[in-house]
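Just so we're on the same page: letters track the sequence lines, and every chain starts at 1.
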Protein chains: 2
Amino acid sequence: MTPPLGETIREHFERQILAGTLAPGARLPTEQQIMAQFGCSRMTVSKALTALATAGLIERRKRAGTFVARPRVHSMVLEVPDLAALVAARGQAYRYRLDQRDTVTSGEGHLAGHPALHVSGVHFADDRAMAVEDRLVSLAAVPDIAAADLNAEAPGTWLLHHVPWTEADSRITALGASPAEALLLGVEAGTPCLCVERRTWRGTDPITHVRQVFRGDSYELVAHFGPGAS
Amino acid sequence: MTPPLGETIREHFERQILAGTLAPGARLPTEQQIMAQFGCSRMTVSKALTALATAGLIERRKRAGTFVARPRVHSMVLEVPDLAALVAARGQAYRYRLDQRDTVTSGEGHLAGHPALHVSGVHFADDRAMAVEDRLVSLAAVPDIAAADLNAEAPGTWLLHHVPWTEADSRITALGASPAEALLLGVEAGTPCLCVERRTWRGTDPITHVRQVFRGDSYELVAHFGPGAS
DNA sequence: CCGCCAATAATGTATAGACATTATCGAAAC
DNA sequence: GTTTCGATAATGTCTATACATTATTGGCGG
């Protein structure tokens, strides 16, 4: 019934910070004062403040005290959901069509020199083309993919379920559909599309490099920043 | 010199999880076993595991034990730099031109019912139009902006320096430039552009709503995920 | 007036123990 | 067999204390 005391303390300051009662840069009471105020031990206070610090709401400086963090502007959380799950969540039928599959050894880029499986295909939502995808998967890092049925499961989904990755980056750009892409997407050449290029690694080993071109009118990326980070 | 013991324990399991040695669903040793293994008290182990649980790497279940979390929807960190700083970092000259400034009370959306300052203008890099921006700023939440010189400092930059926000979301889409936008950007209508729409709040009070349309050929968003996320 | 240094006030980490909570498991009762 | 229910093994929280670390502050000497 009673919420944990540490949680109570955490929420107490979180509320004040979010409401602006405690402005950025303001100093919080010392741990001693807080433990007197709430009648608990210092460890409990410390854990509550540690949680707030981890969430980026406060900054703790030895000898100086604890302060409300100035909002850090530059990073937001970009959700990168699995396409199959995303489409399913919208109540549409998802399908992936594999168009091409071969083995290559590219000479440049992220997977340079590694033998790789090259697959390209189209993602459909309710039988409407949503995105074209062109992907390289390192056969050294992911030998199992050679045996996978990539018609039944899109390569991205397969990788998500079978291969943990530790590092990734994405470039997001807008471009006009090339004639080939336009044909696959069922739009006119030059139609604005969202292009996501992503590279992933496991440790230092490259896993995959994918380029997805989405119909601009049927896909959007959303990013979020906030204390409700959960 | 010696790293904190709790940190050592955290890294020990983090490495094993990221490397795949501990596969998703696998069970970690009990806290008792870990404290025996590292020769420390249970609180230390508990704090290390709590940190991993907060980061979403493990899941702890009473009576049952601690398990490697199944890979969730992966989220990445999207860098959203201040445009002025971004352009400066590229070694180009940044300029903002304010085209329009008035006061409105919109009837719908994020700022519905709030009197707001409406500003629109163009961002330039080396005198080349990079993006058009259309922005509403709540006058209730940010009264000071009425007195700001938004020719000297772009509204986004001004807000960044003067107003803390606690929550934000962004929608990223691709679209063709409208005739008006095309004129301002110096491109042909229909040219693919990257559109970022962002809303920010402080607590539950809306602060600003901005729509930025970037030339597709001169801007890209970059997102990153990795243990270097600290 | 300036620079150095030591006292100090704050957080950082850790210990050893206690009791609370809860899902699971196994045995007893039906 | 099936259900119920209590024992139990694990995590969850908290206390009281100790010592480490570090940035600030203020005093002392040049």
N/O (side chain, B:T66) to phosphate O (OP1/OP2, D:dT11) under 4.0 Å: yes
Whole-Å gap separating P (C:dA14) and CD1 (B:I34): 15 Å
Would you tell me if any nitrogen or oxygen in the side chain of B:R61 comes within less than 4.0 Å of OP1 or OP2 on C:dT24? yes
Positions of residues 38-46 of chain A (non-hydrogen atom under 4.0 Å from DNA chain D), listed by number: A:G39, A:C40, A:S41, A:R42, A:M43, A:T44
Should the side chain of A:R63 and the base of D:dT22 be counted as holding a donor-acceptor pair, with the cut-off at 3.5 Å? no
Could you tell me if the ring centre of B:H123 sits under 6.0 Å from that of B:F214? no
Would you say A:R198 and A:T208 are linked by a side-chain donor-acceptor pair, where the criterion is simply a distance under 3.5 Å? no
Of D:dT13, C:dT11, D:dG12, the nucleotide closest to the side chain of B:R60 is D:dG12
Using only heavy-atom distances, determine whether the side chains of B:R27 and B:T66 contain a donor-acceptor pair under 3.5 Å. no
Straight-line distance of B:L159 CG to B:T157 OG1, nearest 0.5 Å: 9.0 Å
Atom CD of B:E7 and atom P of C:dT13 are separated, to the nearest Å, by 8 Å
Residues two or more places apart in sequence or in another chain: which of them pass salt bridge (Lys or Arg N to Asp or Glu O under 4.0 Å) with B:R61? none
